[in-house]
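Below is one structure; the comments refer to it alone.
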Amino acid sequence: MVNAYYLPGSEEGAAQVLEVGQQALEIYTAYFGAYPYSELDIVQAPMRNASGVEYPGIVLIGAERYSDPRDPLYIITVAHEVAHQWWYNVVGNDVFQEPWLDEGLTTYSSGIYYEFAVGRPAFNEVLSYWQASYDNLVQEERDVPISWSLSQFEQNAPDAYAPVAYSKAALFFDDLRKEIGDDAFFAALRTYFQQQQFGIAHADDLRSAFIQVAGAGV
């Protein structure tokens, strides 16, 4: 059961949330593993400095986003927060030491939603957006490793956090997918999901799942 809770006057936005949420749930279940609960709630909520926030079984979407239901940013925000049900909720990680591990994979998962719900051209546009974000960082000589901890970002390059932990990390997953192929890529993610359910995973656990499926060259 997918529920959309919304404020008066946001009926159109709530209908879009419901459609995207249901589609994302089906796509992620097919490619990552089964959603573990019988219900998912998507709630319109006033926010500061965020478009969405994730919790187990419930996600909040910024109230102002509901005014333009066809805005790609609105749609991908919903797909992103739903993807956190897999990467943060079921497969946990240390968001202070390895923030890229869930944010990068969740960001790429929102692209996968676009690929299978909207079409490959739409997915390519999302990839181009991530690439432009990262290219701008490189051109300004502000690139840093995706493996940085949150404190490293805060102390040394706070403006690089989103382009690196989200966009650069998502591009890493796309490059990995191209390198090993779709079958191995999604099989490895399913393996990672199954092995790390309701625990705290680390980058080595992710790499281990890909090595199991695709070999030691990963």
Side-chain angles (χ1 to χ4, degrees), residues 1-32 34-92 95 99-100 102-134 136 158-159 161-167 169-170 173:
M1 177 70 72
V2 180
N3 299 307
Y5 295 92
Y6 58 93
L7 300 171
S10 297
E11 288 79 6
E12 186 179 353
Q16 179 76 319
V17 157
L18 202 59
E19 180 179 352
V20 173
Q22 181 63 46
Q23 289 175 329
L25 195 70
E26 293 172 355
I27 290 167
Y28 300 153
T29 292
Y31 285 93
F32 307 149
Y35 179 72
Y37 308 127
S38 60
E39 182 177 327
L40 173 64
D41 297 327
I42 306 175
V43 181
Q44 182 183 16
M47 288 192 197
R48 292 181 180 177
N49 304 320
S51 294
V53 179
E54 71 277 6
Y55 301 96
I58 183 171
V59 298
L60 309 182
I61 305 298
E64 69 283 357
R65 297 291 178 200
Y66 284 65
S67 63
D68 188 1
R70 298 298 168 183
D71 182 357
L73 182 58
Y74 177 60
I75 295 170
I76 206 165
T77 296
V78 177
H80 180 99
E81 300 307 333
V82 172
H84 269 304
Q85 297 301 312
W86 280 259
W87 322 122
Y88 148 79
N89 175 21
V90 177
V91 178
V95 298
W100 75 275
D102 73 318
E103 291 298 356
L105 186 49
T106 296
T107 298
Y108 190 64
S109 298
S110 67
I112 290 171
Y113 164 81
Y114 256 84
E115 179 178 1
F116 294 110
V118 184
R120 185 73 195 192
F123 175 60
N124 289 338
E125 289 183 10
V126 172
L127 285 177
S128 296
Y129 175 81
W130 295 333
Q131 189 68 59
S133 174
Y134 176 57
N136 183 63
D159 291 342
Y161 175 71
V164 172
Y166 289 71
S167 297
F173 283 107

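One is the number of the first residue; the rest follow in order along the sequence. These numbers come from the heavy atoms of this one structure, side chains and all, not from hydrogens, waters or symmetry mates.
For V17 against A4, the heavy-atom pair with the smallest separation is CG1-CB, 4.2 Å. Taking every heavy atom of both residues into account, Y88 and P56 meet most closely at OH-CD, 3.5 Å. When all heavy atoms of P46 and A63 are compared, the pair lying nearest together is N-CB, 4.0 Å. The shortest non-hydrogen separation linking P36 to V90 is CG-CG2, 3.6 Å. Scanning both residues, V82 and A24, for their nearest heavy atoms gives CG1-CB, 3.9 Å. Counting all heavy atoms, side chain and backbone alike, A79 lies closest to Y28 at O-OH, 3.0 Å.
To the nearest 0.5 Å, the span separating CD1 on I76 from CD on E125 amounts to 10.5 Å. With rounding to the nearest 0.5 Å, the separation of CD in Q85 from CD1 in I58 is 9.5 Å. Interatomic distance, S109 OG to I27 CD1, rounded to the nearest 0.5 Å: 11.0 Å. Rounding to the nearest 0.5 Å gives a distance of 7.0 Å between CG of D102 and CD of E54.
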Derivation of the side-chain contact (heavy atoms from CB on, under 4.5 Å) call for V43 and V59: CA-CA 6 Å; V43 181; V59 298; over 6 Å; no
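For the residue pair T77 and R65, no side-chain donor N or O sits within less than 3.5 Å of a side-chain acceptor on the partner. Between N3 and E39, the side chains place a donor N or O and an acceptor N or O closer than 3.5 Å (distance only, hydrogens not considered). If you check the side chains of E12 and Q16, you find no donor sitting under 3.5 Å from an acceptor. For E103 and H84, the side-chain atoms include at least one donor-acceptor pair closer than 3.5 Å.
Using the six-membered ring where Trp is involved, W130 and Y108 have ring planes that are tilted, between 30° and 60° apart. In this structure, Y35 and W86 have tilted ring planes: the angle between them lies in the 30° to 60° band.
V53 places a side-chain heavy atom less than 4.5 Å from the side chain of Y55. Counting heavy atoms from C-beta outward, Y113 and Q23 have side chains that approach closer than 4.5 Å. Looking at V118 and F123, their side chains never come closer than 4.5 Å, going by heavy atoms from C-beta outward. Side chains of I61 and E81 form a contact here, defined as non-hydrogen atoms less than 4.5 Å apart. With a 4.5 Å cut-off on side-chain heavy atoms, T107 and S167 do not count as touching. When side chains are defined from C-beta on, I42 does not count as touching L18, because their heavy atoms never get closer than 4.5 Å.
Side-chain N or O atoms of S10 include none that pairs as donor or acceptor with a backbone N or O of Y6 at under 3.5 Å. A distance-only check finds no donor-acceptor pair linking the side chain of Y114 to the backbone of V126 [under 3.5 Å]. Side-chain N or O atoms of Q44 include one that pairs as donor or acceptor with a backbone N or O of L7 at under 3.5 Å. With hydrogens and angles ignored, the 3.5 Å screen pairs a side-chain donor or acceptor of S67 with a backbone N or O of E64.
In Y129, the OH atom is not crowded: 12 or fewer heavy atoms of neighbouring residues, nucleotides or ligands sit closer than 6.0 Å.
Checked against a 6.0 Å centroid threshold, the rings of F116 and Y31 count as neighbours. Centroid-to-centroid, the aromatic rings of Y66 and Y74 come within less than 6.0 Å. Between F32 and W87, the distance separating the two ring centers is shorter than 6.0 angstrom.
In this structure Y134 satisfies the side-chain hydrogen bond (donor to acceptor under 3.5 Å, both in side chains) test together with D143, sequence neighbours excluded.
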